[in-house]
Amino acid sequence: MTSTVPSDAEARAGDASAGAEVAAALRRAGVSRVDDSALARGMYSSDASLYRVVPQVVARPQHVDELHAVQEVSRATGVPVTLRGAGTSIAGNAVGPGLVVDTRDLDRILEIDPEARTARVEPGVVHARLQRAAAGHGLRFGPDPSTHTRCTIGGMIGNNACGSRALGYGRTADNVEAATVLFGNGEVGTFGAGLASSGSTAEQLLRLVETDLGHVRTHFGRFDRQVSGYSLEHLLPENRGRIDRFLVGTEGTLGTVLEATVNLVADHPHRLLIVLGYHSVAEAADAVPQLLAAAPGRLIACEGMDSRLVALVRGAGRQVPPLPEGQSWLFVEAAGDDADDVIATVRAASGCVDSALIDDAVQAAALWRIREDGAGLAGISLDTPAHSGWEDAAVPPEHLGAWMREFEELMVDFGLQGYPYGHFGDGCIHCRIDFPFTHGDPGSTRVFAEFMRTCAERLAAYGGSLSGEHGDGRVRSELLPYMYDQTSLDLFARAKRICDPENLLNPGIITDPAPHTEDLRPTQATRELPWPGMRHTHDAGDFGAAVHRCSGVGKCVAPTTPSVMCPSYLATKEEKDSTRGRGRILQEALDGSLVHGLADPAVHEALDLCLSCKGCASDCPAGVDMAAYKSEALYQTYDVGETARPDGTGRRRRLRPRSHYILGRMPFWARLASPVAPLVNAMMKVPPLSAVAKWTAGIDRRRAVPAFAHQTLRRAAARRERGGGSRSAPDVWVWADSFTDHFFPQSGLAALEFLRSQGLEVRVLQRKGCCGLPWITTGQLDQARRLVDEAVDALLDPVESGVPVIGLEPSCTATLRSDLVQLSHRPEARTVADGVLTFAELVHRLVDEGRIQLPDLSGVRVVAQPHCHQRAVIGWRADQALLEQAGAQVTAVPGCCGLAGNFGVEAGHYEVSVAVAETHLLPAVRDAFPDNGASAGETVVLADGMSCRIQLDDLADVEAIHLAELLARRAE
């Protein structure tokens, strides 16, 4: 008998065909940007939750009128619609099986009225952008979720988002003044304070509540964080029948917000933060009611933080301000002229074991950043992955301590772990938990399901809410019967039928819920790598676990950032060019059905504009290292192939892009060119020869070819050392990396000059050694492994001798500190990785020891572009401290220069490379030299990295120098 069940391939073909028809209908209806490719569908198949639901089509409207067209096509085709902002939903309410609509281009701030203290916005306006616009009037939008750098106002309305300062400023529902809404039934209405709730849909909703006023009054709005279900209390007559506020928190299941007017509040300039320490998280929770009673209505925030999450930040090498004793802390903030008195009152009532007043704005910001990164940190806080799910429960604050104890007991009973944190002042707890999901085993959801049901049942006894701000989504909608009786659930269903009778808006959420164990992403089958190129030591060698570090919190999709991640997204604003977009496609390549392995074109399209800058390795709270993942994907594609067997046999190498053979092996070619460097340089000045060379190497025609040094660092140093100096061990060894040796020997010679001027014996290591960085970034990992092992051989004895070894090129030094141990299996690799210093680290140490003195840099303005690899792996604190100690005025440029080794040189990347440079670097240089190179006083552009210097030379015609050159020039 022939089976009638379609194969996976047939199912994919059917989905693709249906998606193509819907996409065509959307285009005919005037929707600007429509994409039914495997790449787009894979990226939008997940949000920040546990769930994977593959859509048929993704749309990105450019005007609110297109939202009307989307719903018209939905009703005509019967394809459901899921609205999505930044995709940071932890509950799974931003994924759907039909049409996913990304609203981030609907980002106009239509009006700010300082007198009325309101802002009128489109749904895609990012929270942080609204804050910046309001700040000019001394105002702010009150709620501030931890995702405020990228979450949209529309998304906040969908979830009734709150954030850390909702204690003082209220939830999103409390701050919506009016809204224009397109209901699922096609009706459009504008509702708000002072506006008549006209229209059939509004009339039916108000009548719905009027039929059961007593029930709504006693079951809804019992405490501020009762966010689960539909907030019917807003429709009560005493609440003026606020349709606009009722729709807040309905998760896109009833209508689409076309425009919203939100309240703004005064942003008082005087804020004060106190950190209160407690022995346990439960004791911190116990203290909350007395803190609220001590300063009623005066606290802006009261946040709980576990010491183990802070320890993760310290372990990653990031600075954490001093914190008081304790294993759990409350971050309590007050604002206003009397903030000092309020904080003193809170301190006296706290019962804490220790406290710390944070009166430095920089330190306070650093602590709030840790709190904002809580979700990402919590996900990697345990030996096994910690997941969202039971993420967002809330209880009245007077019950918080009791609930916390019971919750922790339940985790012990189920053999689970998690570190609670969250909005303690509102009774809202977040916690990532190590549910024992197993890839490829749907049966591994048993513990998750039982724990969720048990928690929901116990929570109900405290009068709690399943969701305190994230919504019910796919993860908690099925649990609503534990919280609400049948009458309440019937009211929800009737409201849904009124607003969305065909059940096309985000179906399966809140009403008629989908089972919360369906479509769980952690249980998807996983393809294993038979021949991994890198060790992935942070994830026990499991590449699948490594790419699943990306949980979708989306810090990389912030449209502006003071850090590095993610430079290509900052340039293009395309999801595929974000760390998250790439992470999702890599996950799909390993787990899903759309993308067929790492060689799939969708993978390489997503990775194409990754600069391998490693910014995500430090800026992503989950520690995603997309540079390493890109190297692995390239290696698997070109050097392994799908035919490899577990024993490594059956490998089939593929032809690589031309640039891999030239730019990806640049140190090799530099060594060959070194004896005839003047001739090669002269040839590159002849246009026809230069054009041929660029085409052969895969270099963009608009790029200059960097000149080879006429004399390498090793040769120059050997000549100067010949016949003079002691042959005993020097005070300092200088490692001649390939780029300093062959392109910028002046940096190394300056380091020698400065250190020798301080009376130190300094020599250059003459033994050849290369970190293999160009091979690593292009995924030539077999060759890279041989090179790093040779580097270990060259550096081991000097490092073990105890004599400091320094590197001059930050990308190479960072490679030794990180990728060396990811490639080499030799135990000595760790010794070398720990033993190599940057020039700044060494000088900083010697200054502290009193062995050398810094030159006087008073009056010097330094505009510095820290290399991305250094910033991510090593940090730039030592450099900045040295410059400031010497008296310089330092401006450290955030972000990436845009060249990033091979990336900005390769054909096809020039425009993005320039756009990345324009995000931070080029504006900073123009500010420093406003009059075509002239500036007041002495201004120096500092860039230790070869890429940064080449980019500045190419695009700004500015000479940048190395820190060693600056110190050598100013030394007496």
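Computed from heavy atoms alone, side chains included, the values below leave out hydrogens, waters and symmetry copies. Bear in mind the structure is a predicted one, so any value in this text is a computation, not a measurement.
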Subject >> Atom of Lys630, atom of Ser612 and distance for their closest heavy-atom approach >> reply: CD-OG, 3.7 Å
Original post:
Are any non-hydrogen side-chain atoms of Tyr569 and Cys556 less than 4.5 angstrom apart?
Top reply: no
Original post:
Which pair of non-hydrogen atoms, one from Cys896 and one from Leu611, has the smallest distance, and what is that distance?
Top reply: SG-CD2, 3.8 Å
**OP:** Identify the heavy atoms of Pro522 and Leu50 that sit nearest to each other, and give their distance.
**Re:** CD-O, 3.2 Å
Original post:
Taking the side chain as C-beta and beyond, is there a heavy-atom pair between Leu820 and Thr815 under 4.5 Å?
Top reply: no
Original post:
With a cut-off of 6.0 Å (strictly less than), are more than 12 heavy atoms of other residues, nucleotides or ligands near NE2 of His538?
Top reply: no
Subject >> Nearest-0.5 Å distance, CZ of residue Arg432 to NE2 of residue His387 >> reply: 9.5 Å
Subject >> Exam field: side chain Glu469 to backbone Cys162, donor-acceptor pair closer than 3.5 Å >> reply: yes
Subject >> Arg308 (side chain) donor-acceptor with Tyr419 (main chain) under 3.5 angstrom >> reply: no
**OP:** Report yes or no: do Asp608 and His909 form a side-chain donor-acceptor pair below 3.5 Å?
**Re:** yes
Subject >> Main-chain N/O of Ala546 paired with Tyr629 side-chain donor or acceptor, under 3.5 Å >> reply: yes
Subject >> Salt bridge Lys555-Asp373, side-chain N to carboxylate O under 4.0 Å >> reply: yes
Original post:
When you check the side-chain N and O atoms of His604 and Thr637, is any donor under 3.5 Å from an acceptor?
Top reply: yes
Original post:
Does the distance from a Lys or Arg side-chain N to an Asp or Glu carboxylate O, for Asp834 and Arg830, drop under 4.0 Å?
Top reply: yes
Subject >> Arg817-Thr838 side chain donor-acceptor pair, cut-off 3.5 Å >> reply: no
Original post:
Rounded to the nearest 0.5 Å, how far apart are CD of Glu391 and CD1 of Ile90?
Top reply: 4.5 Å
Original post:
So, Ser947 side chain and Gly901 main chain: donor-acceptor pair closer than 3.5 Å or not?
Top reply: yes
Subject >> Presence of salt bridge, Arg271 and Asp267, under 4.0 angstrom >> reply: yes
Subject >> Passing candidate, side chain to side chain contact (heavy atoms under 4.5 Å, CB included) with Val547, options Asp591, Leu590, Leu598 >> reply: Leu590
Original post:
Does Ser45 reach the main-chain N or O of Arg52 with its side chain, forming a donor-acceptor pair under 3.5 Å?
Top reply: no
Subject >> His423 side chain near His430 side chain, heavy-atom distance below 4.5 Å >> reply: yes
Subject >> Nearest-0.5 Å distance that lies between atom CG in Asp625 and atom SG in Cys550 >> reply: 13.0 Å
Original post:
Do His127 side-chain atoms and Pro143 backbone N/O form a donor-acceptor pair below 3.5 Å?
Top reply: yes
Original post:
Between Arg129 and Asp107, is there a donor-acceptor pair closer than 3.5 Å when you use the side chain of the first and the backbone of the second?
Top reply: yes
Original post:
So, does Arg584 use its side chain to make a donor-acceptor pair with the main chain of Asp47 at under 3.5 Å?
Top reply: yes
**OP:** Go through the steps for Asp542 and His536 under the test side chain to side chain contact (heavy atoms under 4.5 Å, CB included), then give the verdict.
**Re:** CA-CA 7 Å; Asp542 185 343; His536 305 292; over 6 Å; no
Original post:
Is Glu574 paired with Arg580 through a side-chain N to carboxylate O contact shorter than 4.0 Å?
Top reply: no
Subject >> Heavy-atom closest pair, residues Asp927 and Arg861 >> reply: O-NH1, 4.1 Å
Original post:
Going through the checks in order, is the side chain to side chain contact (heavy atoms under 4.5 Å, CB included) test met by His867 and Asp944?
Top reply: CA-CA 7 Å; His867 193 285; Asp944 288 0; 5.9 Å; no
Subject >> Pair Gln865-His920, side-chain donor/acceptor within less than 3.5 Å >> reply: no
**OP:** Please check if the side chain of Gln951 supplies one atom and the backbone of Ala917 the other of a donor-acceptor pair under 3.5 Å.
**Re:** no
**OP:** Check whether any side-chain heavy atom of Ser631 lies under 4.5 Å from a side-chain heavy atom of Gln780, and answer yes or no.
**Re:** no
Original post:
Is there a donor-acceptor contact under 3.5 Å linking the side chains of Ser328 and Asp306?
Top reply: no
Subject >> Gap between atom CG of Leu816 and atom CD1 of Ile874 - 0.5 Å precision >> reply: 8.5 Å
Subject >> Electrostatic pair Asp819:Lys614 at N-O distance under 4.0 angstrom >> reply: yes
Original post:
Charged N to carboxylate O below 4.0 Å: is that the case for Glu575 and Arg104?
Top reply: yes
Original post:
With a 4.5 Å heavy-atom cut-off, do Leu942 and Val863 have their side chains touching?
Top reply: no
Original post:
Thr740 and Glu809: side-chain donor and acceptor closer than 3.5 Å?
Top reply: no
Original post:
Is there side-chain contact between Pro810 and Phe739, with heavy atoms separated by less than 4.5 Å?
Top reply: no
**OP:** Enter the distance from Leu609:CG to Ser568:OG here, rounded to the nearest 0.5 Å.
**Re:** 6.0 Å
Subject >> More than 12 heavy atoms from other groups under 6.0 Å of CD on Gln131 >> reply: yes
Original post:
Taking all atoms of both residues into account, what is the closest heavy-atom pair of Ala86 and Val557, and its distance?
Top reply: O-CG2, 4.4 Å
Original post:
Under the side chain to side chain contact (heavy atoms under 4.5 Å, CB included) criterion, do Val275 and Met305 qualify, and how do the steps go?
Top reply: CA-CA 10 Å; Val275 181; Met305 175 59 64; over 6 Å; no
Original post:
Regarding Gln870 and Asp879, is there a side-chain donor-to-acceptor distance under 3.5 Å anywhere?
Top reply: yes
Subject >> Heavy-atom closest pair, residues Phe903 and Gly898 >> reply: CD2-O, 3.8 Å
Subject >> Cationic N near anionic O, under 4.0 Å, Arg140 to Asp144 >> reply: yes
**OP:** Kindly indicate whether the side chain of Asp102, heavy atoms from C-beta on, has any atom under 4.5 Å from the side chain of Tyr44.
**Re:** yes
**OP:** Show the numbers, then the answer: is there a side chain to side chain donor-acceptor pair (under 3.5 Å) between Glu372 and His148?
**Re:** CA-CA 9 Å; Glu372 290 169 6; His148 63 91; 2.9 Å; yes
**OP:** Measure from the side-chain N and O atoms of Gln822 to the backbone N and O of Thr537, and report whether any donor-acceptor pair falls under 3.5 Å.
**Re:** yes
Subject >> side chain to side chain contact (heavy atoms under 4.5 Å, CB included) evaluation trace for Asp619 with Thr561 >> reply: CA-CA 10 Å; Asp619 293 343; Thr561 175; 5.8 Å; no
Subject >> Side-chain ion pair, Glu303 and Arg165, N-O less than 4.0 Å >> reply: no
Original post:
CG/Leu323 to CD1/Ile370 distance, rounded to the nearest 0.5 angstrom?
Top reply: 7.0 Å
Original post:
Does any non-hydrogen side-chain atom of His869 lie less than 4.5 Å from one of Leu773?
Top reply: yes
